[in-house]
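The structure appears below as structure tokens.
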Amino acid sequence: QVQLVESGGGLVQAGGSLRLSCAASGRTFSSYCMGWFRQAPGKERELVAGIGWSGITTYYVESVKSRFTISRDNSKNTVYLQMNSLKPEDTAVYYCAASRRGGSRLTPSGVDHWGKGTLVTVSS
């Protein structure tokens, strides 16, 4: 069983930066594709960024390209999301996700393990 624990959320002004971390338990972290989803009030959960097993392949939703960077450190069982130039519309609960299915473009139905989420609030 893999457990995912997010950290790094909080309140930040527009234009600021935050770095989210997701620490995974277990010895099979490197066999999972990892992703960050977010869900704003009244909206569906969407994939923000994903990364393949080795960290070479990545995916970003159009709205965060050039602002967010996903990375992973398999030696530390951790995946990161560096968020720069934050906007009020980035406000959401951000969830870490792990999937055994190949590819960096994770889908909610393909996720095997979810974290509990961390709240990111961007003020204008």
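Since the model is a prediction, treat every value here as computed from it, not as a measurement.
Both cation-pi conditions hold for Arg19 and Tyr80: the charged atom is under 6.0 angstrom from the six-membered ring centre and inside a 45 degree cone around its axis.
By the 4.5 Å heavy-atom criterion applied to side chains, Lys87 and Arg67 are counted as neighbours. Counting heavy atoms from C-beta outward, Val12 and Thr121 have side chains that stay 4.5 Å or more apart. Put simply, the side chain of Val2 reaches to within 4.5 Å of the side chain of Thr28, judged on heavy atoms. For the pair Leu47/Arg105, a side-chain contact is recorded, criterion being any heavy-atom separation below 4.5 Å from C-beta on. Counting only heavy atoms from C-beta outward, the side chains of Leu20 and Val120 approach each other to under 4.5 Å. Annotation: side chain of Trp36 is in contact with side chain of Cys96 (closest heavy-atom distance under 4.5 Å).
In this structure, Gln3 places its CD atom where only 12 or fewer heavy-atom neighbours from other residues, nucleotides or ligands lie under 6.0 Å away.
In terms of heavy-atom proximity, Phe29 sits nearest to Asp73 at CE2-O, 4.1 Å. Residues Cys22 and Leu4 share a closest heavy-atom pair of SG-CB, 3.8 Å. Here the shortest heavy-atom pairing between Leu86 and Leu18 reads CD1-N, 3.8 Å. Closest of all the heavy-atom pairs between Leu119 and Val93 is CD1-CG2, 4.0 Å. Considering all non-hydrogen atoms of both residues, Arg101 and Cys33 come closest at O-SG, 3.4 Å. Considering every non-hydrogen atom in both Ser99 and Leu106, the closest pair reads CB-CD2, 3.8 Å.
Using modelled atom types, one finds a donor on one side chain and an acceptor on the other under 3.5 Å when comparing Ser17 with Asn84. Side-chain contact of Ser31 with Arg100: a donor-acceptor pair under 3.5 Å is present, judged by distance alone.
Taking CG of Asp90 as the reference point, atom CE of Met83 lies at 7.5 Å (rounded to 0.5 Å). The line from CG of Asn74 to CE of Met34 is 9.5 Å long, rounded to the nearest 0.5 Å. Within the model, atoms NZ of Lys65 and OG1 of Thr58 stand 9.5 Å from one another, a figure rounded to the nearest 0.5 Å.
Side-chain atoms of Ser21 never come within 3.5 Å of backbone atoms of Ser7 as a donor-acceptor pair (strictly under, hydrogens ignored). Looking at Thr118, its side chain never comes within 3.5 Å of a backbone N or O of Gly8 through a donor-acceptor pair. Proximity of a side-chain donor or acceptor of Ser63 to a complementary backbone N or O of Val61 within less than 3.5 Å is not detected. Side-chain atoms of Gln82 never come within 3.5 Å of backbone atoms of Thr69 as a donor-acceptor pair (strictly under, hydrogens ignored).
Among pairs with a residue in residues 92-124, those fulfilling ring pair (Phe, Tyr, Trp, His ring centres under 6.0 Å) read Tyr32-His113, Phe37-Trp114, at least two apart in sequence or across chains.
Among Glu46, Arg45, Glu44, the single residue meeting the side-chain hydrogen bond (donor to acceptor under 3.5 Å, both in side chains) criterion with Gln39 is Arg45.
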List the steps and the verdict of side chain to side chain contact (heavy atoms under 4.5 Å, CB included) for Arg38 and Val64.
CA-CA 12 Å; Arg38 67 185 178 188; Val64 308; 4.1 Å; yes
